[in-house]
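Note that the structure is predicted; figures quoted are calculated from it, not measured. So that the names make sense, note that chain A is the first sequence line, chain B the second, and so on, each numbered from 1.
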Amino acid sequence: SQTIHQWPATLVQPVGSPLSLECTVEGTSNPNLYWYRQAAGRGLQLLFYSVGIGQISSEVPQNLSASRPQDRQFILSSKKLLLSDSGFYLCAWSPRDSSLETQYFGPGTRLLVL
Amino acid sequence: EDQVTQSPEALRLQEGESSSLNCSYTVSGLRGLFWYRQDPGKGPEFLFTLYSAGEEKEKERLKATLTKKESFLHITAPKPEDSATYLCAVLGSSNTGKLIFGQGTTLQVKP
């Protein structure tokens with residue numbers, strides 16, 4: 001069965017510091033990968049998605065970037081965090097070659113920027 | 001622009017009191033409508049995918065239905081463990097893998 005991991009689970013960072021959040025998927029090959037952010041009291045917003053190694057599409061212009069160095073690894077980064085970057089970050093995957101486009105979510109990373 | 005609206009925002013039920021959650025959507029070329037359950041501090045847990053009007057799916061006390069404009073999540077004889085936020089999302093033909101989420105309905109079931 002497929003499993004998706006995210007770390008760290010919780011992170012408290014000062015404004016202006018760098019960020020690196022990691023997501024890995026097990027039990028599947030060539031997944032589509034996604035980064036979402038869920039701000040308090042708001043719905044999930046897609047930040048980035050990737051259909052393969054090195055292929056990243058950005059949905060929202062922002063202070064963040066994403067990379068996919070390996071098939072099942074997706075990284076969310078920032079060079080300098082802003083207060084507005086605080087939120088709950090969720091990684092998700094979906095099968096690449098399937099008519100079933102369900103996305104499955106990881107446990108999330110809670111980020112607090114102070 | 002694709003849009004999803006969920007109602008009510010919050011719902012309190014007594015154990016055993018059945019009810020329905022609504023998800024209204026506008027989307028260009030629906031490729032799928034998804035229901036998730038999210039517990040506090042956790043990632044969304046997949047419940048159902050519906051693809052076409054008239055489709056229904058069931059899982060334990062939950063039943064999801066779909067029309068051309070909305071979806072309902074029916075909860076029959078709920079238990080306290082059904083308490084969670086239920087999220088609805090759509091995937092349209094104009095969006096490459098981009099799920100459009102509603103704000104969610106927070107359900108509290110009291111014993």
When heavy-atom pairs shorter than 4.5 Å are enumerated against chain A, which of B:Gly102, B:Gly41, B:Gly104 gives the highest number?
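Maximum pair count with chain A is reached by B:Gly41.
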
Between B:Gln38 and chain A, which part of the residue has a heavy atom less than 4.5 Å away: side chain, backbone, both or neither?
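Only the side chain of B:Gln38 comes within 4.5 Å of chain A.
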
Taking only Lys NZ, Arg NE, NH1 and NH2, and the carboxylate oxygens of Asp or Glu, determine whether B:Lys110 and B:Glu15 approach each other closer than 4.0 Å.
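A salt bridge is absent here (no side-chain N lies under 4.0 Å from a carboxylate O).
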
Check: A:Tyr104 ring centre within less than 6.0 Å of A:Trp93 ring centre
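Yes: the rings meet the under 6.0 Å criterion.
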
Specify whether A:Phe105 and A:Tyr36 have parallel, tilted or perpendicular ring planes, treating 30° as the upper limit for parallel and 60° as the lower limit for perpendicular.
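The rings of A:Phe105 and A:Tyr36 sit tilted, inter-plane angle from 30° to 60°.
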
Show the nearest heavy-atom pair for residues A:Ala66 and A:Phe48, with the distance to one decimal.
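So the minimum-distance heavy-atom pair works out to CB-CG, 3.6 Å.
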
Under 4.5 Å from any heavy atom of chain B - which part of A:Leu90
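Contact with chain B: side chain only.
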
Contacting region of A:Gln38 [heavy-atom separation from chain B under 4.5 Å]
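When you check distances to chain B, only side chain atoms of A:Gln38 fall under 4.5 Å.
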
Counting heavy-atom pairs closer than 4.5 Å to chain B, which one of A:Ser57, A:Ala9, A:Pro107 comes out on top?
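Answer, by heavy-atom pair count under 4.5 Å with chain B: A:Pro107.
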
From the options A:Ser50, A:Cys23, A:Ser94, A:Cys91, select the one residue that forms a side chain to side chain contact (heavy atoms under 4.5 Å, CB included) with A:Tyr34.
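The side chain to side chain contact (heavy atoms under 4.5 Å, CB included) with A:Tyr34 is passed solely by A:Ser94 among A:Ser50, A:Cys23, A:Ser94, A:Cys91.
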
